[in-house]
Amino acid sequence: MASITTTISHLERENEVPKVFDFNSLQAEGKVPNEFIWSSKDLLETSKEELNVPIIDLEPIFKGDNVALGAAAEIVRETCMKHGFFLVTNHRVDQNLINATYQEFVSLFKLPLDRKLGAIGIPWGYSAAHASRYSTNLPWKETFTFQYKHYDQSPTQIVDFFTSSFGDDHQHAGLVCQKYCEAMKELSGVILELLATSLGVDRLHYKKFFEDAETMMRCNSYPPCSEVNAGTLGTGPHCDPTSVTILFQDQVGGLEVFVDDKWLSVRPQPNTFVINIGDTFKALTNGLYKSCLHRVLTNKEKDRKTLAFFLCPKGDKIVRAPENILGREEPRNYPDFTWSQFFEYTQRKHRADPNTLPDFVSWLRSSNTSSV
Ligand SMILES: C=C1C[C@]23C[C@H]1CC[C@H]2[C@]1(C)CCC[C@@](C)(C(=O)O)[C@H]1[C@@H]3C(=O)O
Ligand SMILES: O=C(O)CCC(=O)C(=O)O
Ligand SMILES: [Fe+2]
């Protein structure tokens, strides 16, 4: 996928000089530029009720308790057919590693703007509100994104990206993030076994499919926004185009899920990760599981950070659902495609939103038809 970095065309910024936003200045000024104002349909009011998210205790599953696995799989199937979000606890990821990774990003986003701008890159690198890609509906956030290749045994895979982005003084940060990604890779294996069991397919089916994954790791840093009622969003309404997201969120809150025509908040729960199904995994279930809509609100007082581990298959692998999901013979609802094709579509043709997957499938089918 590195080719995208050299050939990417800015979605909405073909012929303009991209603006650069400094959130420190924006906060000091206290006013919100128009580019950050979203439309009323994106800003529908949040419901008073919260999303009732099941918390799956992974400890019995780690211990090989198949009865517990079966019970957990039932809960996962029900929740993924409804909205695609659940929490996991007793995940065996060292809390000190989570804290250390979180603190590395606290420091990283405190760097002077010129050092962060020196790490700007698409899709890998630093971004301030995605202002180098879009000119409207800008998210009120900074991000740092990099790729983690599960099959790359190099101990410096992530370190090299951090030092090339920020200099040799970020070698330690890279090492910490590499250990975090390795822990996420282990956790993703357990989640994939749980998902396979919930779908009635071979328990190792998805784990094997993702054994050479090329994952996208991102830290989202959401500065406080003094003008919360101005119509800003930390991240706009979307379905993750990726496969399975393992999200660490701090205790600030702001993540919301659209279920039964209502925006419901996902309350931060200590010692848990948020797991959500993305578009590509939806296709890997032939559309049975929801890749559901979510968004992030801004808040007036607190800085919020999240660590998103976006599990993605190796770019050239064919995304195709296994036969007999839940033991049912079903017609195929999606054409074969590769993650590289879909990722490139999100980066060059269609900003990920609530309709990315159906729009991609229509585009793919029309391209295949026209190419014959
Ligand atoms: C494949 C991806 C594209 C985005 C990062 C991952 C999964 C989520 C996508 C995203 C967060 C959806 C909302 C819009 C977006 C542009 C963003 O706000 O960051 C999306 C990411 C991206 O294209 O960088
Ligand atoms: O930061 C969050 O709470 C969620 C962010 C998100 O949905 C994303 O980056 O895809
Ligand atoms: Fe998301």
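Counting convention: from 1, in listed order, for ligands and their atoms alike.
Among Val252, Leu247, Asn220, Val296, the residue whose heavy atom lies closest to atom 9 (O) of ligand 2 is Asn220. Within the set Lys305, His294, Arg304, Gln249, the minimum heavy-atom distance to atom 3 (O) of ligand 2 is found for Arg304.
Heavy-atom contacts of Thr306 reach the following atoms of ligand 2: 1 (O), 2 (C), 3 (O) (cutoff under 4.0 Å). Atoms of ligand 2 lying under 4.0 Å from at least one heavy atom of Asp240, given by number and element, are 10 (O). Heavy-atom proximity to His238, at under 4.0 Å, picks out these atoms of ligand 2: 6 (C), 7 (O), 8 (C), 10 (O).
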After noting the C-alpha distance and the side-chain angles of Asp336 and Arg320, does the key distance pass the salt bridge (Lys or Arg N to Asp or Glu O under 4.0 Å) rule? CA-CA 6 Å; Asp336 287 351; Arg320 185 187 301 153; 2.5 Å; yes
Does the salt bridge (Lys or Arg N to Asp or Glu O under 4.0 Å) test come out yes or no for Lys31 and Glu227, once each step is laid out? CA-CA 7 Å; Lys31 66 179 175 41; Glu227 280 296 297; over 6 Å; no
Walk me through whether Glu211 and Lys208 qualify under salt bridge (Lys or Arg N to Asp or Glu O under 4.0 Å).
CA-CA 5 Å; Glu211 63 189 0; Lys208 286 177 189 164; over 6 Å; no
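Between His294 and Phe85, the angle of the ring planes goes over 60°, which puts this pair in the perpendicular group of the 30/60° scheme.
Under 4.0 Å is where a charged nitrogen must lie from a carboxylate oxygen, and between Glu74 and Arg77 at least one such pair does. Between Asp316 and Lys314, at least one side-chain nitrogen of the basic residue sits less than 4.0 Å from a carboxylate oxygen of the acidic one, meeting the salt-bridge criterion.
With a 6.0 Å cutoff to the six-membered ring centre and a 45° limit on the axis angle, Lys317 counts as a cation-pi contact of Phe209. For the pair Arg351 and Tyr134, the cation sits on the ring face: its NZ or CZ lies under 6.0 Å from the ring centre, inside 45° of the axis.
Ranking the protein heavy atoms by distance from atom 8 (C) of ligand 2 puts Phe310 CZ, 3.7 Å first. Protein heavy atom closest to atom 5 (C) of ligand 2, with residue, atom name and distance, is Tyr222 OH, 3.4 Å.
Between Tyr345 and Trp363, the ring centre distance stays below 6.0 Å. In this structure, Phe162 has its ring center under 6.0 Å from that of Phe144. Aromatic rings of Phe309 and Phe273 (six-membered ring for Trp) have centroids beyond the 6.0 Å cut-off, not under it. For an aromatic pair to be called close, the ring centres must be under 6.0 Å apart, and Phe146 with Trp124 fails this. Annotation: Phe360 is in aromatic contact with Phe342 [ring centroid separation under 6.0 Å].
Every protein residue with a heavy atom nearer than 4.0 Å to ligand 1 is included here: His130, Arg133, Tyr134, Lys141, Met216, Arg218, Thr235, His238, Asp240, Pro241, Thr242, Phe310, Trp339, Phe343, Gln347, Ala352.
Atoms of the protein (N, O or S only) found under 2.8 Å from the Fe ion (ligand 3) are His238 NE2, Asp240 OD1, His294 NE2.
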